[in-house]
*Asks:* 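This is the structure I want to talk about, given as C-alpha cells.
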Amino acid sequence: MITETAVLTANNEENEKILSRAAEIIRSGGLVAFPTETVYGLGASALDADAAAKIYAAKGRPSDNPLIIHLAKASDAAKYAYVTDAYEKLAGAFMPGPLTVIMKKKENIPDTVTGGLDSVAVRVPSNPAARRLIELAGVPIAAPSANLSGKPSPTSAAHVTEDLNGRVDMIIDGGSTQIGLESTIIKLDCEKPTLLRPGRVTLEQLTDLFGEVALDKAVTQKLTFGERPLAPGMKYRHYAPSAPLTLVDGTDEDFIGYVIGKSGDGVAVIACDEDKERLINAGFMPENVLTLGARADVVSHAASLFALLRTCDERNFTNLYAKLPAREGLSLALYNRIIKAAGYNVITVTRK
Ligand code: TXA
Ligand code: MG
C-alpha cells in the first residue's frame, strides 16, 4: 500500500481539502492517521467491522484490545452508548478534550471495535482538525494510538511514518501533539466511576466532580498472574525501550547521586534541564543526558516522554535511568507510562 502524507498548514482551504479527502478514505473503509491533542490516532469508521479489523492488522494489535470511538461532539455519544448523568457531567467539564469515557454500548457498534465487550469507549478530541475530520466523515472514528503495538504512542507525524508507512492509506501531519500522553480513561458502567488510565484530566479533577473515584490497580501496580486490568490494553507491556530502564525512587539529590555512580559508555539518564550540567561534569557525555524539560514543568515532561523513549532506541544505549515521578496530578500519568516502560523495575535510594 502507498501511504499518502498530507501536511496541514495555516491555509484553511487547503486543510479542508486534505480533511475531505481523508474523510472519503474513512467512509470507504480505509485507514487514516490523524493528529489529536494527546497523540496521533489511527482511524477507521467505527461502524464498519471490516475497516476496524484493518486497524488491528496494521498495528499488530491483539484483537481483544478494544478501540476508542472519536466523536465530533459530546451529544453524539447517545447514538452509540447508554449515556448517564455522570457522562453529562464529564462532558460539561472536559469535552472536547483529553478524556475518554466508558459506558454500556448500543448495538450499532460492532464487536470488532469493542473487542467483544458490552461497553464502548467514547472521546471527543479538542484538536480542531481531528474534530473536522470526524464531522466530514459523518461516522464515529475508531482510533487507537497510531503506533505499532508495543511502541510508544506517536507524538509527531514522523513517528507515525516510522511505524506505519505502507500500512495505512493516509497520514495527516498536524505537527507535534500538545499533550503527548494518551487521554485519561474513566469507566462509568460500574459501581463507582473508576480511573483506568491517568492523563491530562487528573484524578484530582475527576474526584472534585464526583466526590469519589476508584483507581484501577493496573494504573500503578504490576498485576499478578490471573489478575485482569479493567482496560484490556493496560495488560500489555507498553513503551518498553530496548535498553533496560531503571527508575530511581528517592529525592532529586538521591537520584543524581545514584546515577553519577553508574556513568559509563552506553549509560543514559533521563533527567531535568537543571541536572544536565552536573551530570556532564560528573562524567556523562552530553548526548547521554536526555532532558524532559525544567523540573517544575510537568506539562513539558508529558509532552517529551514518548519522543524521548524513541530516541533512546535509536541511540542503542545499554542502560537507562530515570527518576520515578510523583503519583499526583498530571505526574500520575507520567508515573503510569514510565513504570510500564521500565517493566516495574524500581530501585529505592536513600542517602546515607
Ligand atoms: O488519547 C487517546 O486516547 C488516543 C488518541 C488517538 O485518541 N487513543 C488511544 O487509544 O490511546 P489506544 O487504543 O492506544 O488506547 C485505548 C485504551 C486501551 O488500553 C484499551 O484497552 C482501552 O482504552 N479501552 C478501549 N475501550 C475499552 C472498553 N470498552 N473497556 C475498557 N477499556 C477500553
Ligand atoms: Mg495505544
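First listed ligand is number 1; within each ligand, the first listed atom is number 1. Counting from 1, the numbers follow the sequence of the chain as shown.
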*Asks:* Can you measure from CD (Gln221) to CG (Leu215) and round to the nearest 0.5 angstrom?
*Replies:*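 The distance works out to 9.0 Å.
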*Asks:* Please classify the Lys104 to ligand 1 contact at 4.0 Å (heavy-atom distances, strictly less than): side chain, backbone, both or neither.
*Replies:*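 Neither; nothing of Lys104 gets under 4.0 Å from ligand 1.
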*Asks:* Just distances here: any N/O of Glu182 and N/O of ligand 1 closer than 3.5 Å?
*Replies:*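 No.
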*Asks:* With only distance considered, is Lys187 within less than 3.5 Å of ligand 1 through an N or O on each side?
*Replies:*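 Looking only at distances, the answer is no, because the N/O contact criterion of under 3.5 Å is not met.
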*Asks:* Answer yes or no: does an N/O atom from Ser145 fall short of 3.5 Å to an N/O atom of ligand 1?
*Replies:*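 In this structure, Ser145 places an N or O atom under 3.5 Å from an N or O of ligand 1.
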*Asks:* Is Tyr40 close to ligand 1, meaning an N/O of one under 3.5 Å from an N/O of the other?
*Replies:*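 By distance alone, the answer is no.
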*Asks:* Is the shortest side-chain N to carboxylate O distance from Glu204 to Arg327 below 4.0 Å?
*Replies:*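 Result for this pair is no, no salt bridge flagged.
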*Asks:* Could you list the atoms of ligand 1 found under 4.0 angstrom from a heavy atom of Leu117?
*Replies:*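 So the atoms of ligand 1 that pass are 28 (C), 29 (N), 30 (N).
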*Asks:* If the threshold is 4.0 Å, N to carboxylate O, is there a salt bridge linking Asp76 and Lys73?
*Replies:*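 Salt bridge present between Asp76 and Lys73.
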*Asks:* How far does CZ of Arg315 sit from CD of Glu287, to the nearest 0.5 angstrom?
*Replies:*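 Arg315 CZ to Glu287 CD: 7.0 Å, rounded to 0.5 Å.
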*Asks:* From atom 10 (O) of ligand 1, work out which of Ser149, Pro144, Pro232 has a heavy atom at the shortest distance.
*Replies:*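 The residue whose heavy atom sits nearest atom 10 (O) of ligand 1 is Pro144.
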*Asks:* Who gets closest to atom 17 (C) of ligand 1 by heavy atom: Val101, Ile185, Leu42?
*Replies:*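 Selected option, by shortest heavy-atom distance: Ile185.
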*Asks:* Distance under 4.0 Å to a non-hydrogen atom of His70: what atoms of ligand 1 satisfy this?
*Replies:*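 Those of ligand 1 that fall under 4.0 Å from His70 are 5 (C), 6 (C), 7 (O).
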*Asks:* Is any NZ, NE, NH1 or NH2 atom of the basic residue among Glu227 and Lys217 found under 4.0 Å from an Asp or Glu carboxylate oxygen of the other?
*Replies:*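 Salt bridge flag = yes for Lys217 with Glu227.
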*Asks:* Under a 4.0 Å heavy-atom limit, does Lys105 contact ligand 1 with its side chain, its backbone, both, or neither?
*Replies:*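 Within the 4.0 Å criterion, Lys105 makes no contact with ligand 1.
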*Asks:* Is Asp163 salt-bridged to Lys151, cutoff N-O under 4.0 Å?
*Replies:*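 Here Asp163 pairs with Lys151 in a salt bridge, since their nearest N and O are under 4.0 Å apart.
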*Asks:* Salt bridge between Arg295 and Asp252, side-chain N to carboxylate O under 4.0 Å?
*Replies:*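 Here Arg295 pairs with Asp252 in a salt bridge, since their nearest N and O are under 4.0 Å apart.
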*Asks:* Gly233 versus ligand 1: do any nitrogen or oxygen atoms come within less than 3.5 Å of each other?
*Replies:*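 Such a contact does occur with ligand 1.
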*Asks:* Are any of the N/O atoms in Lys59 less than 3.5 Å from those in ligand 1?
*Replies:*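 Checking ligand 1 against Lys59, no N or O pair falls under 3.5 Å apart.
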*Asks:* Any N/O/S atom, backbone or side chain, of Ser145 lying under 2.8 Å from the Mg ion (ligand 2)?
*Replies:*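 Given the 2.8 Å cut-off, Ser145 counts as a ligand of the Mg ion (ligand 2).
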*Asks:* Going by atom types alone, do Glu182 and Thr38 pair a side-chain donor with an acceptor below 3.5 Å?
*Replies:*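 Side-chain D/A pair, Glu182 to Thr38: absent.
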*Asks:* Any salt bridge between Arg21 and Glu4, counting N to O under 4.0 Å?
*Replies:*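 Answer for the salt bridge query: yes.
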*Asks:* I'd like to know whether ligand 1 has Thr114 as a neighbour, heavy-atom separation below 4.0 Å.
*Replies:*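 Thr114: no contact with ligand 1 (<4.0 Å).
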